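Each remark here refers to the structure printed beneath this line.
Letters A, B, ... mirror the listed sequences (proteins, then strands); counts begin at 1. If you're wondering where the values come from, they're calculated on a predicted model, not measured in any experiment.
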Amino acid sequence: MTGSVVPVMTPGPRFRFAPSPTGSFHVGGARTALQNWALARRLGGTFVLRIEDTDEARNRPEWTQGIIDALAWIGVSSDDDHFEGPHFQSGYADAHLAAAQRLLDDGLAYYCDLTVEQIDARAKEFGHSGYDGYSRDRNLGPGPGHVVRFRVPEGTTVVRDLVRGEVSFDNATIEDFVLVRSNGTPVFLLANVVDDIEMAITDVVRAEEHLPNTPKQQMLWQALGHEPPRWAHVPVLVNEQRKKLSKRRDKVALEQYRDDGYLADAMVNYLMTLGWTPPGAEAAGSEIVSWPEIEAAFRLEDVTHSPAFFDVKKLAAFNGDYIRRMPLAEFVERAAQELPIDWDRDRFAAIAPHIQERLTTLREVPEKIDFLFWPVGAPMDYEAAARDKAFGAEWALPLLTDVIAAYREAPWTADDLKVSLEAVMERYEIKLGKAQAPVRVAVTGRSVGPPLFESMEVLGRDETLRRLSMAVEAVGAASGGG
RNA sequence: GCCCCCAUCGUCUAGUGGCCUAGGACACCACCCUUUCAAGGUGGCGGCACGGGUUCGAAUCCCGUUGGGGGUGCCA
């Protein structure tokens, strides 16, 4: 190996996703990552992952892996040809400082020795706000306590934004911002731009909160002698209070949703259709779209301009839809992962078709069917069950007794169990909806649950009869005593 | 305070001057179906923030007001 490694660059546009490492992956970040990903792939370009790890206080190696894993979960795979990275901002520290020095040499930046207190004092004294350019022409050199500031030129900066059109800023309202701190480290504004230049980024797609930074960064690109990238600022995600989603108040960790049983496909679909509607969705009467369709149709120009409420209820609806659309075999396999290890998988597979359409998340699977996995002979709380209103009617106890008799003989299939119960209930002149209630409570311990006869078929004759008998005893004791 | 962005049903949105009596999705309500609960089907409730213009015609264009959000760090 000789010389430097020249990165092999694919011809298309180069997008980038530049998260700073934290303990979790923000859903808002997931959305912009997805948007960058869709564009990079469709346009035959590159998705560059850059970890902005310059803030040493929050920088742990395992967090980088967390980001890569989270991205992989939503389909942004580091194995894909369009994926490049991860790059680390910390690895470009020399370039950041070199750029600052170049700006200094060209007279486009200067040293300043004012402290924050002094700046405030001047602002107060002269009645302006922020830094007033005090050191612009003092020709200070480097020194302790000296920062490097950018000399903002006069005029207007026009940012061409793919989602917002042209946004112009009067440079007079932009102060000479800091490029290099007094401790010699570069600030985000500089590092971010230098990295983008180094990585030959052509398209910056990020959240709207960065829009006010953009004129500054654009000036930096130009001062450094480069054509600025295409900008696109997508609206932020907000909570019910219409505030930017925050880690403190809101549930924003992608990993949390994953652990709560949300499907990656549903999450991706939901995130991408927040602020963007795929063509044809209205005619189809559905907002459920596959990734290939999204990738083929997503355009920045079509993204809405206003903030969107991250509505977990709608996400849940999407998730339920995706669960129902899963092929049964796949559902059984994935849902089985949510089960306690000692639960019989075959037994689960038998009941699976009956719970698939009753779910919002995969995590709810165990609680729906736990009664099928109680150890045989385990005592249920029949005293409590006996108090259920299902046993309130005078026909309840005799019906249960008759059902037990019938079930000793009936062939053990759901259909036969239903026929047997129907035969019994006719004697009491009640409908199936009512008749099944005490049986359900006796067998499952609850008044709602998966289809009864199918459940009993899976449970087996012995255990079903045992539970029915226990219930009759408990109810009998309760009513006899009162 | 200053700078910037935004504004259609509760929510996410379609809508780019006539096709809008404003469409869809989620949520909600009712009914149907039904083995409880779901799912599914049908129907319903519900919106162009306000005020001025421009135009034969405005949800769509312009101005203003109001409201919301973002940014204003030697954080990213």
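- Pairing of rA30(B), defined by two Watson-Crick or G-U wobble distances under 3.5 Å, is identified with rU42(B).
- At least one side-chain nitrogen or oxygen of Lys418(A) sits closer than 4.0 Å to the OP1 or OP2 atom of rU35(B).
- Trp276(A) and Phe298(A) have perpendicular rings, their planes meeting at more than 60° on a 0 to 90° scale where under 30° would count as parallel.
- Using cut-offs of 30° and 60° on the angle between ring planes, the pair Phe348(A) and Phe331(A) is tilted.
- Salt bridge Lys314(A)/Glu287(A): present, at least one basic N to carboxylate O contact under 4.0 Å.
- Between the OH atom of Tyr322(A) and the C1' atom of rC26(B) there is a distance of 15 Å, given to the nearest Å.
- When only modelled atom types and interatomic distance are considered, Asp195(A) and Gln89(A) share a side-chain donor-acceptor pair under 3.5 Å.
- Nucleotides rG73(B) and rC2(B), compared at atom P, are 16 Å apart to the nearest Å.
- Side-chain to base pairing of Lys314(A) with rA27(B): no donor and acceptor N or O lie closer than 3.5 Å to each other.
- The partner of rG1(B) is rU72(B), judged by Watson-Crick or G-U wobble contacts that both fall below 3.5 Å.
- Look at Asp260(A) and Lys251(A) and you find a salt bridge, because one of the NZ, NE, NH1 or NH2 atoms lies within 4.0 Å of a carboxylate O, short of that distance.
- Atom NZ in Lys244(A) sits roughly 11 Å away from atom C1' in rC75(B) (whole-Å rounding).
- Among the protein residues, Asn183(A) comes within range of no part of the nucleic acid, since none of its heavy atoms lies under 4.0 Å from any strand.
- Rounded to whole Å, the distance from CG on Leu211(A) to C1' on rC6(B) is 11 Å.
- Sequence order on RNA chain B of the closest nucleotides to Arg242(A) and Glu175(A) puts Arg242(A) first from the 5' end.
- Which of rC74(B), rG24(B), rG69(B) sits closest to the side chain of Lys243(A) comes down to rG69(B).
- With P as the reference atom, rG43(B) and rC48(B) are 24 Å apart, rounded to whole Å.
- A donor-acceptor contact under 3.5 angstrom links the side-chain atoms of Ser182(A) to the base of rC74(B).
- Proximity note for Leu274(A) (side chain, C-beta onward) versus rA27(B), rC74(B), rC12(B): the nearest is rC12(B).
- Closest to the side chain of Gln436(A), from the set rC26(B), rU36(B), rC3(B), is rU36(B).
- In terms of phosphate contacts, Arg181(A) brings a side-chain nitrogen or oxygen within less than 4.0 Å of OP1 or OP2 of rA76(B).
- Rounded to whole Å, the C1' atom of rC9(B) lies 16 Å from the corresponding atom of rU21(B).
- Atom name P, nucleotides rG18(B) and rU34(B): the rounded distance is 47 Å, in whole Å.
- Contact annotation for His233(A): no contact, since no heavy-atom pair falls under 4.0 Å across all strands.
- Distance Glu209(A) CD to rC6(B) P: 16 Å, rounded to the nearest Å.
- Atom CZ in Phe453(A) sits about 14 Å away from atom P in rU34(B), given to the nearest Å.
- rG51(B) and rA14(B) have their C1' atoms separated by 27 Å, given to the nearest Å.
- Here rU13(B) is the nucleotide among rG24(B), rU13(B), rG70(B) with the atom lying nearest to any side-chain atom of Ala308(A).
- The number of heavy-atom neighbours closer than 6.0 Å to CD of Glu154(A), taken from other residues, nucleotides and ligands shown, is 12 or below.
- Base pairing of rA25(B) is made with rU11(B), judged by Watson-Crick or G-U wobble geometry with both donor-acceptor distances under 3.5 Å.
- Judged by distance alone with a 3.5 Å cut-off, no donor-acceptor contact links the side chain of Glu357(A) to the base of rG40(B).
- The stretch residues 293-302 of chain A does not touch RNA chain B, since none of its heavy atoms comes less than 4.0 Å from the strand.
- Gly449(A) comes within 4.0 angstrom of a base, heavy atoms only.
- One finds no salt bridge joining Lys418(A) and Asp415(A) here, because no Lys/Arg side-chain nitrogen approaches an Asp/Glu carboxylate oxygen to under 4.0 Å.
- Using C1' as the reference atom, rU72(B) and rG15(B) are 35 Å apart when rounded to the nearest Å.
- Looking at heavy-atom distances under 4.0 Å, Thr173(A) makes contact with sugar-phosphate atoms alone, never a base.
- Remark: His305(A) is in phosphate contact with rC6(B), judged by side-chain N or O atoms under 4.0 Å from OP1 or OP2.
- Atom CD in Gln217(A) sits about 18 Å away from atom P in rC4(B), given to the nearest Å.
- In summary, the side chains of Thr185(A) and Asn183(A) do present a donor paired with an acceptor at a separation below 3.5 Å, with no hydrogens or angles considered.
- Residue Val178(A) is classed as a sugar-phosphate contact, given heavy-atom separations below 4.0 Å to backbone atoms only.
- For rU36(B), the OP1/OP2 oxygens have no side-chain nitrogen or oxygen of Ser447(A) closer than 4.0 Å.
- The interatomic distance linking Ile369(A) (CD1) with rA38(B) (C1') rounds to 15 Å, in whole Å.
- Here Arg446(A) lies out of heavy-atom contact (under 4.0 Å) with every strand.
- Aromatic ring orientation, Trp374(A) versus Phe371(A): perpendicular (interplanar angle above 60°, classes split at 30° and 60°).
- Whole-Å rounding puts the Phe150(A) CZ to rG73(B) P distance at 18 Å.
- Comparing atom distances between the Lys313(A) side chain and each of rC5(B), rA27(B), rA76(B) picks out rA27(B) as nearest.
- Looking at which nucleotide of RNA chain B each of Gly433(A) and Leu114(A) is closest to, the 5′-most match is held by Gly433(A).
- Taking the charged nitrogens against the carboxylate oxygens, Asp161(A) and Arg230(A) have no contact shorter than 4.0 Å, which rules out a salt bridge.
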